[in-house]
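The first residue of the sequence shown is numbered 1, and numbering continues consecutively from there.
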Amino acid sequence: MSLNKVVKVLKEHPTIKLAINALTDHKGRDSYNLKLSYKRAASTVNFLVKIVLIKTDYNQKVMDNLNHW
C-alpha cells in the first residue's frame, strides 16, 4: 500500500492503529541490516506524523532477516 493511501485512511479513521515494518535483504551484515530496517521504519513514522499529525505512541519492533512473510 502506498503511503498516500495510508494517509487517506488515517485521516478518515484517526483512531486506527498501525504496525509499520521495514525489511531489508540478507546481503549485508545483520547489524547493518537491523539499523537500516529501523531507519526505514522510523522514516515512515516521521512522514506520517508530519503529514497526518498522528499520535506518536508506538511500539518499535525490529525484525531480523530470518522473519519473512
message: My understanding is that only residues two or more places apart in sequence, or in another chain, count here; which of them pass side chain to side chain contact (heavy atoms under 4.5 Å, CB included) with Thr44?
response: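 Leu3, Ile20, Leu48.
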
query: Does some side-chain heavy atom of Tyr32 sit less than 4.5 Å from a side-chain heavy atom of Leu36?
result: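 Sidechains of Tyr32 and Leu36: in contact.
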
query: Is there a side-chain contact between Leu18 and Leu10 (heavy atoms, below 4.5 Å)?
result: yes

message: I'd like to check the salt bridge (charged side-chain N to carboxylate O under 4.0 Å, His left out) partners of Lys11; sequence neighbours left out, ordered by chain and number.
response: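 With sequence neighbours excluded, Lys11 shows a salt bridge (charged side-chain N to carboxylate O under 4.0 Å, His left out) to no residue whatsoever.
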
- prompt: What is the minimum heavy-atom distance between Asn33 and Gly28, and which atoms define it?
  reply: ND2-O, 3.3 Å

message: Main chain of Ser37, side chain of Thr24: is a donor-acceptor contact present, judged purely on distance under 3.5 Å?
response: no

field: Lys35 side, atom NZ; Arg29 side, atom CZ - distance, nearest 0.5 Å
entry: 7.5 Å

